[in-house]
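Start at 1 with the first residue, then count along the sequence.
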Amino acid sequence: MFTNKRKLWWLALGAVATGALASAPVPAQEVVKIGLIVPMTGGQASTGKQIDNAVKLYMQQHGDTVAGKKIEVILKDDATLPDNTKRLAQELIVNEKVNIIAGFGITPSAFAAAPLATQAKVPEVVMAAGTSSITEKSPYVVRTSFTLGQSSTIIADWAVKNGIKKVATLTSDYAPGNDALKFFKEHFTAGGGQIVEEVKTPLANPDFAPFLQRMKDAKPDAMFVFVPAGQGGNFMKQYAERGLDKAGIKVIGPGDVTDDDLLKDMGDAAIGTVTAHIYSAAHPSEKNKEFVAAYKKAFHQRPGFMAVGGYDGMHLIYAALQKTGGKADGDSLIAAMKGMAWESPRGPISIDPETRDIIQNVYIRKVEKVDGELYNVEFETFKNVKDPGKTKK
């Protein structure tokens, strides 16, 4: 049995020890964890695989240590279901203590994670999803992909200037499709163009055939198409089966429909398709030639624009950590990311310090056969394009 004096002595000693532990410096975190949430299964699986491949390639080329911190990527498949995205983001933030969440194959997924990014003060690096308003959902969202407005306004202006007067539109019925349609219509009709038919297709597993018949019956000069990356192959197959190519109805639109990831298997019906987009595997810069060669060597296929979004997302994270000297709290990383500029395989890009959205070149391209393979061959460049959804505000 302790006497009261000895009890007090032990309690005092315990209090000193506890105080010493509490005031002892906590060692700096040696690992920076990135939770990569992408669709690896389902209709947009090609998006997730491209991003995952590009993240792996970037780390192979640049190592897994930056500013003295080890980089660890935790891959999660949300199968393009926003409820999954939200649950996985929460698990990654709460249980895995990730410093950054990244990926986000479609807009509803990016939306689902944004409140969690705000609450936890964790940067959300959007490598794929393209709706204008995503970066407005949280002050911790930064985008390295694109917005549909960037390319849809430019293809509309190109169509007007190139004698296309009547257009039928086919767009996926969700936020990016609505953005693509809105920005295209605004510019095309302002230039004197006419929309003769307008259809929206379901996002999940669409059958384009009945919609394509309506397009054909409307007899437009061209059809403006937005379908998410991964659906372009199916669309182009049904476009040829319905004979729209033989009817002389050309496809125009943002570049998702002729994603490099699927283009080589689309067949000759795709030849002549004109799109405005932020990346082509045929982009002629030395940096892109090196990127394409490295990607092909590692994964035995050519990269598409989703791969570039993932590759540049990793560059942004690495460069921000270098700038902060390894500080990985959300506020430090976001501050470092604002205004960041670099040379990407797609060309020069930067992060708008005000909107945290990407500023980049947009290229007009035509599908052509090069050495027996289909490529998006660039023939006109629009430099340093900001998201028009925000420049109007």
Side-chain angles (χ1 to χ4, degrees), residues 32 34 36 50-69 71 73 99-100 102-104 123-130 134-135 140-147 150-151 255 260 277-295 298 303-328 330 332-363 378 381-387 390:
V32 172
I34 302 166
L36 186 65
Q50 281 192 64
I51 292 172
D52 181 39
N53 286 347
V55 168
K56 286 173 179 164
L57 179 62
Y58 191 89
M59 292 181 73
Q60 282 169 22
Q61 293 175 333
H62 298 88
D64 62 357
T65 304
V66 58
K69 299 294 177 78
I71 306 297
V73 175
N99 305 89
I100 297 155
F104 308 101
E124 176 179 336
V125 179
V126 176
M127 298 171 168
I134 289 172
T135 55
Y140 292 91
V141 173
V142 181
R143 175 158 33 202
T144 60
S145 50
F146 59 93
T147 75
Q150 286 174 317
S151 47
D260 276 289
H277 209 38
I278 51 93
Y279 176 71
S280 166
H283 182 65
S285 73
E286 282 308 310
K287 190 162 190 72
N288 185 53
K289 287 174 185 173
E290 290 167 11
F291 172 67
V292 171
Y295 191 97
F305 68 99
M306 290 299 181
V308 172
Y311 194 79
D312 286 329
M314 289 304 286
H315 175 92
L316 181 65
I317 291 166
Y318 272 49
L321 282 166
Q322 290 279 17
K323 198 170 172 183
T324 65
K327 280 181 74 177
S332 297
L333 288 174
I334 288 291
M337 289 172 179
K338 289 178 178 178
M340 192 83 73
W342 68 98
E343 181 72 22
S344 157
R346 69 183 104 173
I349 61 175
S350 63
I351 302 300
D352 188 321
E354 292 177 8
T355 66
R356 290 160 281 105
D357 221 331
I358 190 165
I359 302 170
Q360 60 193 326
N361 292 350
V362 175
Y363 308 94
E378 299 165 0
T381 302
F382 293 78
K383 293 187 174 179
N384 301 320
V385 179
K386 290 188 174 188
D387 173 42
K390 300 185 188 73

Identify the heavy atoms of [X] and [Y] that sit nearest to each other, and give their distance.
X	Y	value
Val292	Pro303	CG2-CG, 3.9 Å
Gln150	Val362	O-CG2, 3.8 Å
Ala328	Val32	CB-CG2, 3.9 Å
Ala54	Ala307	CB-O, 3.0 Å
Ser344	Val308	OG-CG1, 3.8 Å
Tyr140	Ile334	O-CD1, 3.5 Å

Within the structure provided, determine whether [X] and [Y] are in side-chain contact (heavy-atom separation under 4.5 Å).
X	Y	answer
Leu57	Gln60	yes
Val142	Pro123	no
Tyr311	Pro345	yes
Leu321	Ile71	yes
Phe146	Ser151	no

Out of curiosity, [X] [atom1] to [Y] [atom2], how far, rounded to the nearest 0.5 Å?
X	Y	atom1	atom2	result
Ile34	Ile100	CD1	CD1	5.0 Å
Met337	Arg356	CE	CZ	11.5 Å
Thr65	Met59	OG1	CE	8.5 Å
Glu124	Thr135	CD	OG1	10.5 Å
Asp312	Phe305	CG	CZ	13.5 Å
Ser145	Ile51	OG	CD1	8.0 Å

Task: Intermediate values then yes/no, side-chain contact (heavy atoms from CB on, under 4.5 Å), Asn361 and Asn384 - done: CA-CA 5 Å; Asn361 292 350; Asn384 301 320; 4.2 Å; yes
Task: Tyr58 ring center within less than 6.0 Å of Tyr318 ring center - done: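 Aromatic pair counts; centres sit under 6.0 Å.
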TODO: Let me know which of Lys289, Arg346, Glu378 forms a side-chain hydrogen bond (donor to acceptor under 3.5 Å, both in side chains) with His283.
DONE: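 Of the listed options, the one satisfying the test is Glu378.
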Task: Sole residue of Asp357, Asp352, Thr355 in side-chain hydrogen bond (donor to acceptor under 3.5 Å, both in side chains) with Lys390 - done: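 Going through the options one by one, the only one that passes is Asp357.
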TODO: Flag the pair Arg143 and Asp387 as a salt bridge only when some basic side-chain nitrogen lies within less than 4.0 angstrom of an acidic carboxylate oxygen.
DONE: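 No, Arg143 and Asp387 are not salt-bridged.
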Open item on the list: Other residues, nucleotides and ligands only: do more than 12 of their heavy atoms fall within 6.0 Å of NZ on Lys327?
Closed with: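 Counting other residues, nucleotides and ligands, NZ of Lys327 stays at 12 neighbours or fewer.
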Between [X] and [Y] (side chain of the first, backbone of the second, donor and acceptor by atom type, cut-off under 3.5 Å), is there such a pair?
X	Y	result
Gln360	Thr144	no
Asp260	Ala281	yes
Thr324	Leu333	no

TODO: Show your reasoning for whether side-chain contact (heavy atoms from CB on, under 4.5 Å) applies to Met306 and Met127.
DONE: CA-CA 7 Å; Met306 290 299 181; Met127 298 171 168; over 6 Å; no
Task: Side-chain donor-acceptor contact under 3.5 Å, Asn288 with Tyr279 - done: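 A donor-acceptor contact under 3.5 Å links the two side chains.
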